[in-house]
Amino acid sequence: MRQHLYTLAGGIAAIALFTGILYAGAAAIRDRESAATPDLVLETPDMTEFETAPDQGETGEDVPLDLGTSSGGTPEPGAATTGEQPQNPATENAARAIEPQQFGLPDTVTGAPLERMEPRAPLSEQDKQAKSAAGPTILYRPMAVAAGVIQFDKLTLQIDGIEPEQADRTCETGGKSWPCGIVARTAFRNFLRARAVSCDMPEGSAGSSATASCSLGGRDLAAWLVDNGWATPVPGSPLETRADAARQAKLGFYGEDPRDLSHTPMTLDDPTFGTGMDDPQPDL
């Protein structure tokens, strides 16, 4: 029984010793941390330690600066000693900002007199100059609606220098009538072949129709039509001599029907057609 009590007392003493060691170590650590990081103390500076600015007196009022003296109060060489303050021309002619939200100010604003610039040319004149500098207008995918009349999308263009022709014009040759207007239009279409033409568009030609001189591959369209007899030049035009040559050669409107109508349509050689019937066989 006594031995059991000794064992219990020894265990309690060991636990107490171990606890005391832990508390002692924690206290030592806290003391070391407090010694390494002292408490931060905020100090308020004393306003009397600051020197008074050189441009203010003891009362805080502005004191005029003497531009003729240095920071130490000693007059600089060449400075005025009569007490007059030198004038700065840049500050004397400085401009005052008026309506800063309405007018933009440059980096350097001075009171120098304003210079009036020359007015710009009207926009219409600029467009004319740009068109003249750009040269002729290239029109793509032309379609001939008549001999001498071309249509480009929404623009209908009459070739200058020739009389306008109609596609429904008819001609009489050898007592026979033939659609010379349609034939002339077909010949003109075969010459164009939907190739782009170069036209000298007149000024203000913004409508749906216009009259201009055009060329294709370096050849004038009006001259080509007159040379082939498919157009009549306007009176006084230099193309009248070419029209006389086409008339003497009996070309175009001045000649006969150029279509080959001697070809006989081919008939169907089929015994099923016309069997037991008097109707003729149909032609191709």
Side-chain angles (χ1 to χ4, degrees), residues 124 127-265:
S124 58
D127 294 340
K128 293 178 182 179
Q129 295 176 1
K131 289 182 179 179
S132 60
T137 304
I138 305 299
L139 301 176
Y140 299 93
R141 293 183 296 275
M143 184 183 69
V145 297
V149 181
I150 312 175
Q151 187 173 5
F152 304 89
D153 194 10
K154 298 180 180 180
L155 174 64
T156 301
L157 188 64
Q158 166 68 38
I159 303 300
D160 191 18
I162 59 176
E163 297 288 346
E165 297 290 345
Q166 299 295 331
D168 57 354
R169 176 180 175 178
T170 58
C171 298
E172 294 287 340
T173 303
K176 296 181 180 181
S177 178
W178 57 284
C180 57
I182 296 178
V183 175
R185 181 184 65 183
T186 302
F188 191 38
R189 285 181 177 178
N190 293 336
F191 175 71
L192 293 176
R193 297 199 305 275
R195 293 178 292 175
V197 297
S198 175
C199 300
D200 296 329
M201 299 298 295
E203 297 179 358
S205 57
S208 59
S209 61
T211 301
S213 58
C214 301
S215 61
L216 175 61
R219 187 167 185 180
D220 186 71
L221 296 184
W224 183 89
L225 290 169
V226 172
D227 290 342
N228 290 272
W230 297 123
T232 303
V234 296
S237 173
L239 298 176
E240 289 185 343
T241 56
R242 297 190 176 189
D244 294 339
R247 187 179 297 105
Q248 294 177 2
K250 296 182 178 181
L251 300 176
F253 297 135
Y254 314 109
E256 298 180 356
D257 189 356
R259 296 177 299 171
D260 186 8
L261 302 179
S262 61
H263 177 69
T264 304

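Just so you know, residue 1 is the first one in the sequence shown, and it goes up from there.
Between F188 and W230, the distance separating the two ring centers is not shorter than 6.0 angstrom.
From D220, atom CG reaches atom CD1 of I159 across 8.0 Å, with rounding to the nearest 0.5 Å. Taken to the nearest 0.5 Å, the SG atom of C180 stands 11.5 Å off from the CD atom of Q166. Taking CD1 from I162 and OG from S237, the interatomic distance works out to 9.5 Å, rounded to the nearest 0.5 Å. Here the SG atom belonging to C199 is positioned 10.5 Å from the CG atom belonging to D160, to the nearest 0.5 angstrom. Atom CG of L216 and atom CG of L139 lie 11.5 Å apart (nearest 0.5 Å). One distance of note links CZ of F191 with OG1 of T186; it measures 15.5 Å at 0.5 Å rounding.
Minimum heavy-atom separation, T170 to S177: CB-OG, 4.0 Å. Nearest heavy atom pair, residue P179 against residue R259, reads CD-NH2, 3.3 Å. A246 and V226 make their closest contact through CB-O, 3.5 Å (heavy atoms, listed as atom of the first residue, atom of the second, distance). Taking each heavy atom of P202 and A212 in turn, the nearest pair found is CD-CB, 4.0 Å. Of all heavy-atom pairs spanning V145 and R185, the tightest one is O-CD, 3.3 Å. F253 and C171 make their closest contact through CD2-SG, 3.9 Å (heavy atoms, listed as atom of the first residue, atom of the second, distance).
Using a 4.5 Å heavy-atom cutoff, the side chains of P233 and E240 are in contact. By the 4.5 Å heavy-atom criterion applied to side chains, T173 and K250 are not counted as neighbours.
In summary, of the residues considered (R247, Q248, R242), a side chain to side chain donor-acceptor pair (under 3.5 Å) with D244 occurs for R247 alone.
Under a cut-off of 6.0 angstrom, the local environment of CZ in R141 is sparse, with at most 12 non-hydrogen atoms contributed by other residues, nucleotides or ligands. Counting heavy-atom neighbours within 6.0 Å of E163 CD, excluding the residue itself, gives a total above 12.
Side chain of S209 to main chain of T156: no donor-acceptor pair is present (N/O by atom type, distance under 3.5 Å, no hydrogens or angles). Remark: side-chain polar atoms of R189 are paired, donor with acceptor, to backbone N or O of A144 under 3.5 angstrom.
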*Let me see the working for L155 and M201 under side chain to side chain contact (heavy atoms under 4.5 Å, CB included), right down to the final yes or no.*
CA-CA 12 Å; L155 174 64; M201 299 298 295; 4.1 Å; yes

